[in-house]
Protein chains: 2
Amino acid sequence: MPLSEHTESVQDYLKTIFDIQREHGRVATTALAERLGNSPASVTGMIKKLAALNLVEYEPYQGVVLTPAGEKIALEVIRHHRLIERYLAEALGVPWDQVHAEAEKWEHVLSEDLEDRIDAVLGYPTTDPHGAPIPKRDGTLPPPHTTRLSDLQTGQSATIAEVSDHDPAMLRYFAELGLRPGVDVTVVAVAPFGGPLTVRLDDVEHAVGREVAGYVAVCDVTPVG
Amino acid sequence: MPLSEHTESVQDYLKTIFDIQREHGRVATTALAERLGNSPASVTGMIKKLAALNLVEYEPYQGVVLTPAGEKIALEVIRHHRLIERYLAEALGVPWDQVHAEAEKWEHVLSEDLEDRIDAVLGYPTTDPHGAPIPKRDGTLPPPHTTRLSDLQTGQSATIAEVSDHDPAMLRYFAELGLRPGVDVTVVAVAPFGGPLTVRLDDVEHAVGREVAGYVAVCDVTPVG
DNA sequence: GTAATGATTTAGGCATTCCTAAAACCAGTC
DNA sequence: GACTGGTTTTAGGAATGCCTAAATCATTAC
Ligand SMILES: [Mn+2]
Ligand SMILES: [Mn+2]
Ligand SMILES: [Mn+2]
Ligand SMILES: [Mn+2]
């Protein structure tokens, strides 16, 4: 059964459940409600529907987990979303803080045929403009990055792997700093008491808050000096 | 008020009313129902809603006409639709018998910003792949072509202006014949009793049914020999 | 162990958009 | 001027997806 057999709402629920499940395992009603901007009561209603469709396993009061069928659809929606983001940025020059909103709508109406054409035109990309991996056609997805910029210690270097794409203002801030996937970063100093990090990007130093640094995933980290 | 203030349904109703109104003036409930694939009863219900929104003028039992506000929205939706068709064909190589279905869905979720980017990338095109004019940003739209291929007499030549885009199978047939907007056509013979026309396209002669020829609009017609 | 607290579900509604069946209307015919 | 066939509207209902308020559950604090 193709994506289009399910409503936009169902698609967004499954996608969001997948996201939360990656980070926190079993997905609680409230967490899902918060992420979707719906009331917990509404989420309970939809969850029951998803369970009836065998897209999630639901234990009342215990949250949900995706079934294989549900995960397959979630990955298809995420593939649409990230391919579209990449296409908008690359082919149409849409700024990276705007691609998310556009993809959020387009992802639900993209045909499989057009998905393939976009994939081919882009040369089969593996990540979206924010560094998030694009699921392959068969539903394969590499494991998420575990290290965040805020985890690094003074003197460590790393490569920016992925930045959170949900807050356009934060993305504009990252762009100003030159903080993009693929760019090398060095931690020059870490202020105590949860204070800011001083990082070097492109030979320029910037102070960034600890919380913001938690929204940046890194890879290829050098050992502690 | 931007497009997005109205539901997909409302957008499709207005677009369809505009189309029918161009051909037949005042739009009857049944005509609208048929075009949309809804029951007449449903159409009556929606019509009342559109009237309450001041998007159509509604006279019970007498059908509807778009108000200026309704026409403005219709033209915006049609602009989206045709720009998208053109973009899909030109930038992504989607065959011309498939662009309509894809555009039908995408048209409702296209932002004004992306609309502008697509317009610019294409070099501000004036027609879609089927020859239909693309409304300008300000809502300007040239008058429809009045002469159809089936109106021509033996010996007359003309240029293909526009073909109907609602039947993918017919579009594939046109493509086979080389019958595309911009191509010159000459009527070699017209069979009597509503029979077929023999036309020359690209120096090749084809017999086409009278009805099918009615789905082809032409311009630059030569005087009768 | 009980009591408070926060999370979750249930109950009852609302808006949207569609449907079928039945009633009402309109126009052209006799 | 009544009949009649087709058109249109009204009546009543279903599915989807959301809401608030109230009840219930589970857990943590004492
Ligand atoms: Mn979405
Ligand atoms: Mn992204
Ligand atoms: Mn549409
Ligand atoms: Mn077209």
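Fair warning: this is a prediction, and the values are worked out from it, not measured in the lab. Just so we're on the same page: letters track the sequence lines, and every chain starts at 1.
As a whole-Å value, the separation of E59(A) CD from dC25(D) P is 15 Å. In this structure, H6(B) places its NE2 atom 17 Å from C1' of dT17(C), rounding to the nearest Å. Atom-to-atom, CG of L50(B) to P of dT16(C) comes out at 12 Å; the value is rounded to the nearest Å. One atom, CZ of R26(B), and another, P of dC26(C), lie 14 Å apart when rounded to the nearest Å.
Of the possible donor and acceptor atoms, one in the side chain of H130(B) sits under 3.5 Å from a partner among the backbone N and O of W96(B).
In terms of position on DNA chain D, the residue among N38(A) and P60(A) whose nearest nucleotide sits closer to the 5' end is N38(A).
Of the side-chain N and O atoms in S39(A), none sit less than 4.0 angstrom from OP1 or OP2 of dC18(D). The shortest distance between the side-chain N/O atoms of S42(B) and the OP1/OP2 oxygens of dT17(C) is not below 4.0 Å. Phosphate contact (OP1/OP2 of dT10(D), side-chain N/O of Y61(B), threshold under 4.0 Å): absent. Phosphate proximity of dT10(D) to K48(B): present, with a side-chain N or O under 4.0 Å from OP1 or OP2.
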Across nucleotides 11-16 of chain D, 5' to 3', mark each nucleotide with B, S or - according to how protein heavy atoms within less than 4.0 Å reach it. ------
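Contacts of T44(A) with the nucleic acid, taken as non-hydrogen atoms under 4.0 Å apart, include base atoms. Counting non-hydrogen atoms under 4.0 angstrom, G63(A) reaches nothing in the nucleic acid.
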